[in-house]
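Computation of the quantities below employed the complete heavy-atom set of this structure, encompassing side-chain atoms and omitting hydrogens, waters and symmetry-equivalent molecules. Here is how names work: the chains are called A, B, and so on, in the same order as the sequence lines, proteins then strands, and each is numbered from 1.
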Amino acid sequence: MKEQLRACILKGIEGCFADGTLSSGVVPAIAIEKPAHAEHGDFASNVAMQMAKQERKAPRAIAEIIVNKLSGSSELIGKLEVAGPGFINFFIKDSAWRKTLALIAEQGSEFGKSTVGAGKKVQVEFVSANPTGPLHIGHGRGAATGDAVASLLKAAGFDVQKEYYINDAGNQMNTLGLSGLLRYRELLGEKIEFPENCYQGDYIKDIARDAIAKVGDRYLNAPQEEGVAYFAKLGGDQILHGIDLDLRDFGVVLDHWFSEQSLFDDGKVPSAIKEMQDKGLIYEQDGALWFRTTDYGDDKDRVVVRSNGVTTYFASDIAYHRDKFERGFDWVIDVWGADHHGYVPRLKGVVQGLGRKADDLGIILVQLVSLLRDGVPVAMSTRSGEFVTLKEVVDEVGRDAARFFFLMRRSDSQLDFDLELAKRQSADNPVYYVQYAHARIRSIFETARERGLAPDFSALKLELLESAEDLALIKKLSLYPEILEGAAVNFEPHRITYYLQELAGEFHSFYNKSRVIIPEEPQLSQARLFLLDGVATVLKNALTVLGISAPERM
RNA sequence: GCGCCUGUAGCUCAGUUGGAUAGAGCAACGGCCUUCUAAGCCGUAGGUCAGAGGUUCGAACCCUCUCAGGCGUGCCA
């Protein structure tokens, strides 16, 4: 709708140049916005104000000229006004709005999707939690965000792959192995002082028990290194498997799992370091190798290989991101916890060092989640192992509510997640509010059928949809495509949750004011059924893109 | 110290990338079910957009400074 209008205005201005009513010949970028107040029309543009300088005329005068040119020139525009300091207000004809409904019916689940992505290859990497413990609620927000962004980008026409990076190569794996080994020895009767820096959670004991079942006491008296290696492998595999299951229960299915260790096995870490050395981006000092991240705006250079010869996590990251681009991705997106924000400059530096643009790497920072129960904070401490896991949350509130709540806020603002609110089945709870709208519509169709009013959209009289409520709903529906696209390219799934609440609200208002099944007015009934079918389609499309179900009945 | 993020109604948050009289939900108060799902709707009230300057026709949004909170600042991951 906006685009059509934009083309219209452009044609009008060019027309003015052609007949001499305007003279500068310079057309500014035409901004079209949706005014905050209905009396300012469906859309408004400030082109006249933008042209004022070049034209050497008062904005309102320019606006008048354009309005004269435009009036009657399009079947889109019903009424035009010059207002305020020089705005042009556009009132779109109702008939033009109603065309959205036909479009929705025609496109169905495709409605809202676009092709801006043009098939560009994008990778979204998210969660990527260390395989040293189960996913907690913070990972849940990252998972919901990454998954939603991936599916938004897909809807915007990108070719998207979802990847999980497994940090299976650092110190933490030794710690995991040691934790397992100690619990194992403890279970076999040894008295153990369990170190504070080991993983405290009970899942470690489960791993130890599993080991006893598998290998008995084989590692009781074996050299410690062997035991640590064994438990690192066993624990890592089991925990990773559990993570995959938890994610699947949450509705998240990764396309690819990438092992950090494989970078070493395939020699990709040294070759990446060599490339950077050859480019002069890595230098030696104090026996260590440093990457010149300060060339790219970082506070200080960063160590890649320590003086003891061991590579850092950063070295793996260089190799990993180099590998991503070598796999042919045009655009690489990382979803991180906001506590990693300090890594942004150095990784942007790496990407540029690889000969890419800084923007070829997109980074989404996901802020902390505070868990509440009826407004009271739930105590959480990762150190003691008393964290709340994603699985516990999903089991308690359900997948749909959990996903919706995680996506309700901008990812870089902190999130309060109230378990009791998420479970509540009332208007307080936005998930149910939205889903209820969908179920309600389906229920109306059910009732219509029972009463012998079979939907028949072959001879529609859409002009009967003329009430304020009818049109408000239609206008809200026609907004969906641009909302979807904006949410995708800005990595902002919360725009969809807000839109859903607005659309559901518009529907509930409609419902309380308008009747759909009216025996004495079959044509209006059919038109309204057609309208509601469109509402249900858009509700479902938007819920689906967030990975949330649209129930038929509640 | 330096860097990043945040500061909008009592609470939780939006604000279409600089537009017209700053919005929604919750909480509060008052109404609406013999009618297609009350898991719903309507109304009332609520604001120094942290503060101070600046940029311009126009600022919650851009620039500078100040204040408050969070995070980061390792040859850990």
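- In this entry the distance linking CG of A:Asn429 with P of B:A39 reads 14 Å, nearest Å.
- The distance from atom CG of A:Leu531 to atom CG of A:Leu465, rounded to the nearest 0.5 Å, is 5.5 Å.
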Sequence neighbours excluded and cut-off under 3.5 Å, please list the side-chain donor-acceptor pairs for residues 470-490 of chain A, or say none.
unit_1	atom_1	unit_2	atom_2	d
A:Asp470	OD1	A:Ser467	OG	3.4
A:Asp470	OD1	A:Arg528	NE	3.0
A:Asp470	OD2	A:Glu466	N	3.3
A:Asp470	OD2	A:Ser467	N	3.3
A:Asp470	OD2	A:Ser467	OG	3.0
A:Asp470	OD2	A:Arg528	NH2	3.1
A:Lys475	NZ	A:Asp42	OD1	2.8
A:Lys476	NZ	A:Glu502	OE1	3.0
A:Ser478	OG	A:Ile474	O	3.4
A:Ser478	OG	A:Lys475	O	2.9
A:Glu482	OE2	A:Lys2	NZ	3.3
A:Asn490	ND2	A:Gly486	O	2.9

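- When only modelled atom types and interatomic distance are considered, A:Tyr165 and A:Asp334 share no side-chain donor-acceptor pair under 3.5 Å.
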Please produce a list of atom pairs where a protein N or O lies less than 3.5 Å from an N or O of nucleotides 73-75 of chain B.
unit_1	atom_1	unit_2	atom_2	d
B:C75	O2	A:Ser307	N	2.8
B:C75	O2	A:Ser307	OG	2.9
B:C75	N3	A:Ser307	OG	3.2
B:C75	N4	A:Asp286	O	3.0

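- Residues satisfying the ring-ring contact (aromatic ring centres under 6.0 Å, His included) criterion with A:Phe291, sequence neighbours excluded, are A:Phe314.
- Comparing B:C11 with B:G3, their C1' atoms are spaced 31 Å from each other, to the whole Å.
- Residue-to-nucleotide contacts include a donor-acceptor pair under 3.5 Å from the side chain of A:His341 to the base of B:C71.
- One cannot find a donor-acceptor pair under 3.5 Å joining the base of B:G72 and the side-chain atoms of A:His340.
- For B:A22 and B:C13, the C1' atoms lie 14 Å apart once the distance is rounded to whole Å.
- Rounded to the nearest Å, the gap between the P atom of B:C2 and that of B:U64 is 15 Å.
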Derivation of the salt bridge (charged side-chain N to carboxylate O under 4.0 Å, His left out) call for A:Lys324 and A:Glu163: CA-CA 10 Å; A:Lys324 289 186 185 194; A:Glu163 178 159 292; 5.3 Å; no
Footprint string (nucleotides 33-38 of chain B, 5' to 3'): B base within contact, S backbone only, - free, heavy atoms under 4.0 Å: --BBBS
Identify each atom pair where a protein N or O and an N or O of nucleotides 16-19 of chain B are less than 3.5 Å apart, giving names and distance.
unit_1	atom_1	unit_2	atom_2	d
B:U16	O4	A:Lys34	O	3.3
B:U17	O4	A:Asn490	OD1	2.6
B:G19	O2'	A:Glu33	OE2	3.3
B:G19	N7	A:Asn46	ND2	3.1

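- For the C1' atom pair drawn from B:C41 and B:U37, the interatomic distance equals 13 Å after rounding to whole Å.
- Comparing B:G10 with B:G46, their P atoms are spaced 11 Å from each other, to the whole Å.
- Contacts of A:Asn89 with the nucleic acid, taken as non-hydrogen atoms under 4.0 Å apart, include base atoms.
- When the P atom is compared between B:C61 and B:U8, the two are found 14 Å apart, to the nearest whole Å.
- Of the two residues near RNA chain B, A:Tyr432 and A:Ala44, the one whose nearest nucleotide lies more 5' is A:Ala44.
- In this entry the distance linking CG of A:Leu500 with P of B:A14 reads 16 Å, nearest Å.
- Rounded to whole angstrom, the span from the CG atom of A:Leu365 across to the P atom of B:G70 amounts to 19 Å.
- Residues satisfying the ring-ring contact (aromatic ring centres under 6.0 Å, His included) criterion with A:Tyr199, sequence neighbours excluded, are absent altogether.
- Scored by the ring-ring contact (aromatic ring centres under 6.0 Å, His included) test, A:Phe405 finds A:Phe417 as partners (sequence neighbours excluded).
- Taking atom CZ of residue A:Arg60 and atom P of nucleotide B:A20, one finds them 16 Å apart after rounding to whole Å.
- Residue A:Glu502 contributes atom CD, which lies 14 Å from atom P of B:C41 at whole-angstrom precision.
- Residues satisfying the side-chain hydrogen bond (donor to acceptor under 3.5 Å, both in side chains) criterion with A:Tyr436, sequence neighbours excluded, are A:Arg440.
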Are there any protein N/O atoms within less than 3.5 Å of an N/O atom in nucleotides 5-7 of chain B, and if so, which ones and at what distance?
unit_1	atom_1	unit_2	atom_2	d
B:U6	OP1	A:Arg410	NH2	3.1

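- Atom P of B:G23 sits at a distance of 40 Å from the matching atom of B:G1, rounded to the whole Å.
- Along RNA chain B, the nucleotide nearest A:Thr311 and the nucleotide nearest A:Tyr498 are compared for position; the residue whose nucleotide lies closer to the 5' end is A:Tyr498.
- Using a 30° and 60° split on the angle between ring planes, A:His494 and A:Tyr498 fall in the perpendicular class, above 60°.
- For A:Lys274, the NZ atom sits in a loose shell: 12 or fewer heavy atoms of surrounding residues, nucleotides or ligands are nearer than 6.0 Å.
- Using a 4.0 Å heavy-atom cutoff across all strands shown, A:Glu485 reaches no nucleic acid atom at all.
- Applying the salt bridge (charged side-chain N to carboxylate O under 4.0 Å, His left out) test to A:Lys348 and every residue at least two apart in sequence or in another chain returns nothing.
- For the P atoms, the distance linking B:G19 with B:A59 amounts to 11 Å, nearest Å.
- Counting any heavy atom pair closer than 4.0 Å across all strands shown, A:Ala83 reaches a base atom.
- In this structure, A:Ser128 and A:Glu125 approach most closely via the heavy-atom pair OG-OE2, 2.7 Å.
- Nucleotide B:G69 holds its P atom 21 Å from the CG atom of A:Asp339, rounded to whole Å.
- If you measure from atom CD1 of A:Ile483 to atom P of B:G15, you get 10 Å, rounded to the nearest angstrom.
- Partners of A:Arg449 by salt bridge (charged side-chain N to carboxylate O under 4.0 Å, His left out), not counting sequence neighbours, listed by chain and number: A:Glu446.
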Salt bridge (charged side-chain N to carboxylate O under 4.0 Å, His left out) evaluation trace for A:Asp533 with A:Arg442: CA-CA 8 Å; A:Asp533 203 38; A:Arg442 294 272 75 107; 3.3 Å; yes
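- Taking 90° from 0 as the syn/anti boundary, the base of B:C61 is oriented anti.
- Here B:C13 presents its C1' atom at 9 Å from NE2 of A:His494, a figure rounded to the nearest Å.
- Side-chain N/O atoms of A:Tyr499 include none lying less than 4.0 angstrom from OP1 or OP2 on B:G15.
- Taking the six-membered ring for Trp and thresholds of 30 and 60 degrees, A:Phe457 and A:Phe445 have ring planes more than 60 degrees apart, a perpendicular arrangement.
- Using modelled atom types, one finds no donor on one side chain facing an acceptor on the other under 3.5 Å when comparing A:Thr132 with A:Gln172.
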Pair pattern of RNA chain B in dot-bracket, where unpaired bases get dots and | marks partners in another strand, Watson-Crick or G-U under 3.5 angstrom: (((((((..((((.....[...)))).(((((.......))))).....(((((..]....))))))))))))....
